[in-house]
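Inspection log for the structure reproduced underneath, given as structure tokens.
Every chain is numbered from 1, with letters handed out A, B, ... down the list of sequences. Note that the coordinates shown come from a computational prediction; the quantities given were computed from them, not determined experimentally.
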Amino acid sequence: MYTDMKHYNHNAIEKKWQAIWDEKQTFRTGDDRSKPNYYALIEFPYPSGKGLHVGHPRPYTALDIVARKRRLEGYNVLFPIGWDAFGLPTENYAIKNKIHPAEVTKNNIARFKSQCKSIGFSFDWSREINTTDPNYYKWTQWIFLQLFKHGLAYKKEMSINFCTSCKVGLANEEVVNGTCERCGSEVTRRMKSQWMLKITEYAERLISDLALVDYPERVLATQINWIGKSEGAEVDFRIEGTDDVLRVYTTRPDTLYGATYMVMSPEHPYIEKYKDHIENYNEILTYAEEAAHKSDMERTELAKDKTGLEIQGIKAINPVNDELIPIWVSDYVLMTYGTGAIMAVPAHDQRDYEFARKFNLPIVEVVGGGNISEAAFTDIETGTMINSGIIDGLSVKDAKKKITEFLKEKGIGEFKINYKLRDWVFSRQRYWGEPIPLVYCDDCGWVPISEEELPLVLPEVEFYEPTETGESPLAKIEDWVNTSCPSCGKPAKRETDTMPQWAGSSWYYLRYIDTENDHELASKENLEYWTPVDWYNGGMEHTTLHLLYSRFWHKFLYDINVVPTPEPYKKRTSHGMILAENGEKMSKSQGNVVNPDEVIEESGADTLRMFEMFIGDFEKSVPWSENGVKGCKRFLDRVFRLTDMLTDEEGYSKDLEVNMHKTIKKVSQDFETLKFNTGIAAMMTLVNDFYHKGSVTRGEFKDFLILLNPVSPHLTEELWVETGYKGMLNQSSWPEYDENKTIDETIEIVIQINGKVRRKMNIPAELTPEEMKEAAIGEDEVKKIIEGMKIVKVITVPGRLVNIVVR
RNA sequence: GCCGAAGUGGCGGAAUUGGCAGACGCGCUGGAUUCAAAAUCCUGUGAGGGCAACUUCGUGUGGGUUCGAGUCCCACCCUCGGCACCA
């Protein structure tokens with residue numbers, strides 16, 4: 001006969017609790033400011049047309065666990081969600097299917113939202129934001145205006161990276177191996193007048209303030225590497241027969257005596273300036289044009305073999321030894337870094353060495369210790385200066401200092417710090433982005449529109465395609481473009497470029513704090529209470545771009561007294577990707593995308609959440625596994641059936657008391673340190689213990705349910721009610737452990753002889769090392785083994801082992 | 001080339017930071033239940049040898065330190081991520 005076994009109906013249970021949480025607004029951020037606050041943040045998603053795949057819930061579940069645990073610990077928790085909804089894929093889809101991007105966005109968001117709800121995340125849905133909402137981008141525009149007013153936004157005619165397919169300018173960061181980060185098409189260079197943000201002004205602070213935050217080592221390294229700080233000197237070389245100097249930047253001023261030629265970038269202004277002096281001007285011009293034509297890809301990839309030309313007709317004078325040296329032009333020198341010209345020291349720089357070898361230029365050794373007939377000697381730790389006049393005999397470090405002081409004294413050089421970081425190209429020739437709230441007036445130049453007029457709303461437009469000239473589609477809407485100057489009232493034209501997708505995501509964490517505020521981006525009081533974000537988790541792919549940009553904006557807002565902290569995020573962590581079962585990246589084209597909806601339907605959201613966390617090391621990429629999902633489902637089934645072995649006892653049983661305390665400790669710690677996999681393993685072990693014992697007390701079950709709740713919230717809430725505990729689980733509190741009760745009374749120790757495990761024995765935990773030693777030596781088997789040998793030494797590790805060294 | 005992370009069973013991964021390698025899960029083996037299957041429960045599961053108690057080998061490779069090394073040091077190899085002519 002069939003027993004009346006209750007069945008774990010995950011679908012019913014999950015729908016039931018999601019409805020209850022919604023109705024009771026269970027996870028709405030509280031107003032009780034007497035509670036300690038906790039701000040947990042995930043990277044808000046871009047609502048693509050494809051919906052979520054199983055990679056999304058990994059970071060969301062992780063911080064959902066943290067948020068739920070914090071609430072049970074008595075914190076007032078802010079755990080918000082929103083949509084980073086401007087962007088090219090939506091626009092491209094809109095173009096292709098002739099649907100308004102706003103409509104596409106709305107549909108995509110609806111899909112994402114219902115998926116997020118079906119997974120049971122404890123987001124505060126009352127604070128949902130959307131970067132394409134005028135009430136939101138009003139403040140994105142407002143921040144831009146402040147940047148503009150503080151001189152940090154400027155327009156510049158410049159050579160930009162231009163994606164041939166998207167027809168937009170790209171920031172350096174958006175170009176990956178010479179192709180567009182988004183669509184993979186070829187990127188070429190093109191001159192275009194662009195809005196730029198002076199992130200370089202913050203370069204130093206973006207490095208030094210990393211000391212204030214808790215980021216993983218690899219993230220710190222990426223930030224520092226990207227900013228690329230270097231210290232050196234700028235040095236003036238006179239150009240023979242003129243009053244002009246050619247200024248160079250070098251990190252090795254100590255090698256100045258070894259400079260045997262100079263190299264200018266093909267774009268260097270002196271080429272134009274001295275065209276009358278330059279005998280081979282036409283040749284140089286041809287070379288410069290070729291270089292300009294090359295995309296960044298070609299210029300770096302093919303540049304393994306160096307090219308260049310000597311500039312005939314002008315020569316430079318080495319300021320320390322007055323030697324006449326030739327000036328070359330080569331595309332391995334970039335106009336965008338340093339001064340656009342270098343002094344070449346082939347003996348001590350790899351690139352100069354290659355170049356000198358190829359073109360038979362002299363190589364003069366000025367740092368002794370290497371073998372320059374074979375390779376450039378670039379070591380700066382061991383060498384001693386030679387052939388170097390006033391700095392002969394010094395170490396590299398001392399020589400740098402002395403020569404830089406000398407140059408400074410003579411007025412022909414100075415100490416200089418350079419950064420690889422470039423200013424941020426901030427305009428896009430696209431429709432689906434925030435309009436830049438500026439107007440161009442022939443008399444007044446660029447004028448900001450009045451802040452009262454914000455938001456400057458995107459006008460309706462018939463076609464979203466960029467124009468043939470690469471201009472924004474907005475340029476075609478005449479009655480929008482033509483306006484009057486806010487300053488003098490004369491006819492003027494609006495800026496038609498829009499902002500990049502990075503804009504809205506650079507400050508969204510601030511808006512969550514005060515979503516309804518319509519007179520400031522967030523109130524001082526709320527910002528004081530909630531910032532900085534306590535824990536921000538996101539993907540490694542955002543650790544250069546997004547993190548740097550948002551830190552920059554935050555620092556600016558700090559400088560103008562809008563936010564109270566110098567850094568936006570106190571702690572940052574990163575998750576690994578979820579790959580397809582075969583170890584490949586999940587992608588639509590491969591057809592290997594796993595959809596969470598199917599997993600939820602079949603095994604439930606609680607199982608999905610658990611497996612997302614149990615699958616492996618949170619910080620590493622890991623392949624998805626169908627069987628792994630089944631394993632987690634099996635575990636939750638076992639949890640469900642624990643109710644059949646429930647006893648009436650309210651406390652912990654004697655047998656399992658230590659296990660309970662150990663598990664509480666392990667789970668509590670592991671949920672704080674991204675070790676969700678081992679925390680869950682500890683709970684599995686505990687459940688195995690319950691099964692082996694065949695019973696579980698009400699007290700044990702209750703605390704176990706709380707521990708499991710952040711991972712699998714629906715089932716645990718259901719079992720809480722079913723078992724008849726008070727109220728709802730989310731109203732209870734996180735269990736505490738007693739350190740003294742995490743220690744077993746008797747422990748098994750290992751007896752080693754000469755470092756090899758020979759015996760194991762059970763002893764009372766409180767034995768002293770001396771007693772352990774006695775016990776080990778006295779053990780019968782051990783006695784037999786060491787009979788006739790001499791005990792040299794005995795090592796005891798309390799609670800672990802005794803090692804007997806014999807001869 | 002430079003920077004960063006890693007290399008542990010058939011698989012995902014553990015290992016209180018120098019102290020029983022392989023927790024937990026998957027997969028697989030055997031058993032119980034069943035007419036049978038699924039599900040469930042109980043066993044076993046790094047490799048070799050032994051009827052067994054046991055024993056030898058074993059954390060990318062080679063050396064070293066130590067009573068003791070997955071963990072520390074030196075030299076390599078390989079994988080993944082980032083940067084890449086930045087003077």
Kindly say if [X] contacts the phosphate of [N], meaning a side-chain N or O under 4.0 Å from OP1 or OP2.
X        : N     : value
A:Asn677 : B:A14 : yes
A:Arg641 : B:C41 : yes
A:Asn803 : B:C20 : no
A:Tyr337 : B:A87 : yes
A:Ser230 : B:A87 : yes
A:Lys675 : B:A15 : yes

query = Closest heavy-atom contact between A:Ile412 and A:Pro319?
reply =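 Looking at all heavy atoms of both residues, the closest pair is CD1-CB, 3.7 Å.
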I'd like to know if [X] reaches the base of [N] with its side chain such that a donor and an acceptor end up less than 3.5 angstrom apart.
X        : N     : result
A:Asn627 : B:C26 : no
A:Lys793 : B:C67 : no
A:Gln752 : B:G19 : yes

Would you give me the side-chain donor-acceptor pairs under 3.5 Å for residues 746-756 of chain A, sequence neighbours excluded?
residue	atom	partner	partner atom	Å
A:Asn754	OD1	A:Val806	N	2.9
A:Asn754	ND2	A:Val806	O	3.4

Per [X] side chain, nearest of listed nucleotides [options]:
X        : options             : answer
A:Asp349 : B:U56, B:C24, B:A87 : B:A87
A:Phe614 : B:G82, B:G25, B:G4  : B:G25
A:Ala681 : B:G19, B:G82, B:A23 : B:A23
A:Val333 : B:G13, B:A87, B:G4  : B:A87
A:Lys620 : B:A87, B:A6, B:G82  : B:A6
A:Val622 : B:A23, B:G12, B:C20 : B:G12

task = For RNA chain B, write out the stems as range with range, using runs of 3 or more consecutive Watson-Crick or G-U pairs with both distances under 3.5 Å.
result =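 Stems found: B:1-5 with B:79-83, B:10-12 with B:24-26, B:30-32 with B:40-42, B:46-49 with B:54-57, B:60-64 with B:72-76.
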Roughly how many Å is it from [atom1] in [X] to [atom2] in [N], rounded to a whole number?
X        : N     : atom1 : atom2 : value
A:Ile224 : B:G82 : CD1   : P     : 18 Å
A:Phe640 : B:U40 : CZ    : P     : 14 Å
A:His542 : B:G82 : NE2   : P     : 13 Å
A:Glu612 : B:G13 : CD    : P     : 14 Å
A:Ile615 : B:C11 : CD1   : C1'   : 12 Å
A:Asn754 : B:U56 : CG    : P     : 12 Å
A:Glu581 : B:G27 : CD    : P     : 12 Å
A:Leu801 : B:A69 : CG    : C1'   : 14 Å

query = Which sits closer to the 5' end of RNA chain B, A:Thr685 or A:Glu748, going by the nucleotide each is nearest to?
reply =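 The answer here is A:Glu748.
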message = Need to verify one output field. Residue with the more 5' nearest nucleotide on RNA chain B, A:Arg634 or A:Lys756?
response =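 The 5'-side residue here is A:Arg634.
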Salt bridge between [X] and [Y], side-chain N to carboxylate O under 4.0 Å?
X        : Y        : answer
A:Glu739 : A:Lys665 : yes
A:Lys630 : A:Glu602 : no
A:Lys633 : A:Asp637 : yes
A:Glu217 : A:Arg572 : no

ask   = Should B:G22 be called syn or anti, with syn set as within 90° of 0?
value =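 Base orientation relative to the sugar is anti.
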inquiry  = Would B:U17 be called syn or anti here, given the cut-off of 90° from 0?
reply    =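 It is syn.
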In Å, rounded to the nearest 0.5 Å, how long is the span from [atom1] of [X] to [atom2] of [Y]?
X        : Y        : atom1 : atom2 : value
A:Met772 : A:Ile795 : CE    : CD1   : 12.0 Å
A:Thr339 : A:His268 : OG1   : NE2   : 5.5 Å
A:Leu545 : A:Trp502 : CG    : CH2   : 4.0 Å

Between the protein and nucleotides 73-81 of chain B, which nitrogen or oxygen pairs are less than 3.5 angstrom apart?
none

Name the nucleic acid region contacted by [X], choosing base, sugar-phosphate or nothing; use a 4.0 angstrom heavy-atom cut-off, strictly under.
X        : answer
A:Val797 : base
A:Asp352 : nothing
A:Gly228 : nothing
A:Arg758 : sugar-phosphate
A:Ile795 : base
A:Val805 : sugar-phosphate
A:Thr336 : nothing

query = Does NZ or CZ of A:Arg247 lie under 6.0 Å from the centre of the six-membered ring of A:Phe237, at an angle within 45° of the ring axis?
reply =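 No, A:Arg247 and A:Phe237 do not form such a contact.
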key: Face-on cation placement of A:Lys306 at A:Tyr332 ring, 6.0 Å and 45° thresholds   =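 So A:Lys306 does make the cation-pi contact.
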Taking the same atom, [atom1], in [N] and in [M], what whole-Å distance lies between them?
N     : M     : atom1 : value
B:G44 : B:C26 : P     : 15 Å
B:U8  : B:U61 : P     : 10 Å
B:A32 : B:A21 : C1'   : 33 Å
B:C24 : B:C73 : P     : 31 Å
B:G18 : B:G31 : C1'   : 42 Å
B:U29 : B:A47 : P     : 15 Å
B:G10 : B:A5  : C1'   : 26 Å
B:G12 : B:A6  : C1'   : 15 Å

request  = Scan side-chain atoms only and decide if A:His10 and A:Asp606 contain a donor-acceptor pair under the 3.5 Å cut-off.
outcome  =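 Checked: A:His10/A:Asp606 side chains show no N/O donor-acceptor pair below 3.5 Å.
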ask   = Any chance the side chains of A:Thr336 and A:Arg422 put a donor and an acceptor closer than 3.5 Å?
value =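 Looking only at side-chain atoms, A:Arg422 and A:Thr336 do form a donor-acceptor pair, the distance falling under 3.5 Å.
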task = Answer yes or no: are there more than 12 heavy-atom neighbours, outside A:Glu310 itself, under 6.0 Å from its atom CD?
result =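 Yes, because the 6.0 Å sphere around CD of A:Glu310 holds more than 12 heavy atoms from other groups.
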